[in-house]
Every structure is written in structure tokens, then in C-alpha cells.
Enquirer: 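Structure below; questions to follow.
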Amino acid sequence: MRKKMEEIETVEEEEKGGKLQWFFYVILIPLLFATAMAIIIATISGVNVISKASGLAHQVTGMFGADGNEKGQKQSGTFSETQYKSQIRSLQKQVTEKDKEISKLQSELDKSQQNNLKMKQTVSDLKQQLKKAQQQQAANQKKLKEIASTYENMNPENAAAIIQKMNDQEATGILSQLSSETLANVLEKMSADKAAKYTQMLGRTGT
């Protein structure tokens, strides 16, 4: 009889151990594994599991003091909205100031570009004037040579008489185009004062 009781107790212990193993292998371990996988997947997805769990616990706790929590949330919401509006006004002010700076810089740039265009136009005009002056000088030089060739073939005394009646610029212009021999003959037929003056003027012009 005693042996029979021991066998029954052994069978009951084995059944309890089997149920406990069944609970661990079938329920607890899969549940822990599923929970761990859920946490890993949520973390990879960018979900803050700890924050979510804390928020859930806070909501559950808040059920016991809903009135106080609602007031705190309203106050917190009002502060956040005021701060948000203040930030918007600050950003709008910064944008307005930047727009003014951009407009000022654009105005200065436009003015600088206009000045550059004016300077370019001035340089272009001066080049045109210089070109015309050079062309005029070349024409005058050609004309002087033609006149000087006439005086080359003229009697030195007659040439001296005519040249002395000209102004100094015209006289030196013609004399500067004469050959050295003709120039000496013409100056010889002039008065000493005129000859000396024209000689000095021709020396300054490098003739």
C-alpha cells in the first residue's frame, strides 16, 4: 500500500513538473521572445519604446487625477502656443530685416552697375574723340607738308616775307616741314628777332 502511494506521489510530481515545463516552453518563453522582437522592431522603426511605455503609464496614472492633469495640460498647451507665436514673430522680423538688407545691396549693386556703364561710355567717348583728334592731326600734318612743299620751291626771300606775316603757330608749323637747307635760307631772309624767335620755338618742338 505504501509503495502504491509513493508511485502516485511520483506520478503527481512528474505531472506538476510537466505542466510547469509546458507553461515555460509554450507560454512564457514565446511571450518573452515576442515582446523582445516587438521592442527591437519598434526601436529600428524609430519608436521610443521607453517614452511610449512611460506615456502609457502616465495615462493610466492620470485616470486617478484627471482634473489636475487636464489643468496642467491646458496651461502647458497655452504656454507652448504663446512661445510658438513669439518664435514666428521673431522669425518674421528677421526675414523683414534680411529683405531690407537684400534690397539695399541690390540698390548698391544697381548703382555700381550704372556707374560702370557710365564709365565705359565715357571711356568709349574719349576713345572716339582721341581717334578724331588723331585723324585731324594726320590731316593737318598732310596739309602742312603740302604747303611746305610749295615754300620749298619758292624764293627764300618771298617765303620769309609771307611766313613772317603768319601767327607763330602757323609759321612754326610750316617751318618745321621744310628741309634743313630751305629752312636756313628762309630764316636768313627774316629779321634777326623773328629768326631767333622761330629758331627757339622750333627747338622746343624738337624740329
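Here, residue 1 is the first one in the sequence, and each next residue gets the next number.
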Enquirer: Of all heavy-atom pairs between Gln164 and Lys194, which one has the smallest distance, and what is that distance?
Expert: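 Looking at all heavy atoms of both residues, the closest pair is OE1-CG, 3.4 Å.
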
Enquirer: Rounded at 0.5 Å granularity, tell me how far NZ in Lys145 sits from CG in Asn140.
Expert: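 Answer for the NZ-CG pair, Lys145 versus Asn140, is 12.5 Å.
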
Enquirer: Which atom pairs, one a donor and one an acceptor, fall under 3.5 Å between side chains of residues 89-104 and the rest of the protein, sequence neighbours left out?
Expert:
from: Thr96; atom 1: OG1; to: Gln92; atom 2: O; distance (Å): 2.9
from: Ser103; atom 1: OG; to: Asp99; atom 2: O; distance (Å): 2.9

Enquirer: For the atom pair CG (Asn116) and CD (Gln121), what is the distance rounded to the nearest 0.5 Å?
Expert: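 Taking CG in Asn116 and CD in Gln121, the distance rounds to 13.0 Å.
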
Enquirer: Is there a side-chain contact between Leu175 and Leu178 in this structure, where contact means two heavy atoms from C-beta onward sitting under 4.5 Å apart?
Expert: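 They are in contact (side-chain heavy atoms under 4.5 Å apart), so the answer is yes.
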
Enquirer: Could you give the distance from CD (Gln141) to CD (Gln134), rounded to the nearest 0.5 Å?
Expert: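 Answer for the CD-CD pair, Gln141 versus Gln134, is 13.0 Å.
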
Enquirer: Would you give the length of the straight line joining atom CG of Asn115 to atom NZ of Lys120, rounded to the nearest 0.5 angstrom?
Expert: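 The NZ atom of Lys120 is 12.0 Å from CG of Asn115, to the nearest 0.5 Å.
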
Enquirer: Please give me the minimum heavy-atom distance between Met190 and Tyr198, naming the atom from each residue.
Expert: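 Met190 and Tyr198 have their closest heavy atoms at SD-CD1, 3.5 Å.
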
Enquirer: Could you report the tightest heavy-atom contact between Val186 and Ala160, atom names first, then the distance?
Expert: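 Shortest heavy-atom contact: O-CB, 3.4 Å.
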
Enquirer: Could you tell me which non-hydrogen atom of Ala195 sits nearest to which non-hydrogen atom of Leu187, and how far apart they are?
Expert: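 Shortest heavy-atom separation between Ala195 and Leu187 comes out as CB-O, 3.6 Å.
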
Enquirer: Using the rule given for side-chain contact (heavy atoms from CB on, under 4.5 Å), can you reason through Thr150 versus Glu146, listing the C-alpha separation, both sets of side-chain angles and the distance that settles it, and then say yes or no?
Expert: CA-CA 7 Å; Thr150 302; Glu146 291 175 353; over 6 Å; no

Enquirer: Can you tell me how far apart CE (Met154) and CD1 (Ile162) are? Round to the nearest 0.5 Å.
Expert: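 One finds 4.5 Å between CE of Met154 and CD1 of Ile162.
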
Enquirer: Report yes or no: does Ser112 contribute a side-chain atom to a donor-acceptor pair with the main-chain N or O of Glu108 at less than 3.5 Å?
Expert: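 A pair under 3.5 Å: no.
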
Enquirer: Going by atom types only, do Gln114 and Asp110 share a side-chain donor-acceptor pair under 3.5 Å?
Expert: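 Short answer, no.
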
Enquirer: Flag the pair Asp168 / Lys197 as yes when at least one side-chain heavy-atom distance between them is below 4.5 Å, and no otherwise.
Expert: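 In contact.
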
Enquirer: Less than 4.5 Å apart, side chain to side chain, heavy atoms only: is that true for Thr182 and Pro156?
Expert: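 Counting from C-beta outward, Thr182 and Pro156 never come under 4.5 Å.
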
Enquirer: Is the count of non-hydrogen atoms from other residues, nucleotides or ligands lying under 6.0 Å from Glu181 atom CD greater than 12?
Expert: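 Counting neighbours around CD of Glu181, 12 or fewer heavy atoms of other residues, nucleotides or ligands fall under 6.0 Å, so no.
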
Enquirer: Is the CD atom of Gln137 crowded by more than 12 outside heavy atoms at less than 6.0 Å?
Expert: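 For Gln137, atom CD is not crowded (no more than 12 foreign heavy atoms under 6.0 Å).
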
Enquirer: Should Glu152 and Ser179 count as side-chain neighbours, where that means a heavy-atom distance under 4.5 Å?
Expert: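 Sidechains of Ser179 and Glu152: in contact.
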
Enquirer: Return the minimal non-hydrogen interatomic distance between Gln177 and Ala148, and the atom names on each side.
Expert: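 It is CB-CB, 3.3 Å.
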
Enquirer: A side-chain contact here means heavy atoms from C-beta on lying under 4.5 Å apart; do Tyr151 and Ile174 qualify?
Expert: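 Touching, per the 4.5 Å side-chain cut-off.
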
Enquirer: So do the side chains of Lys85 and Thr82 get within less than 4.5 Å of each other, counting heavy atoms only?
Expert: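 Lys85 does not reach Thr82 side chain to side chain.
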
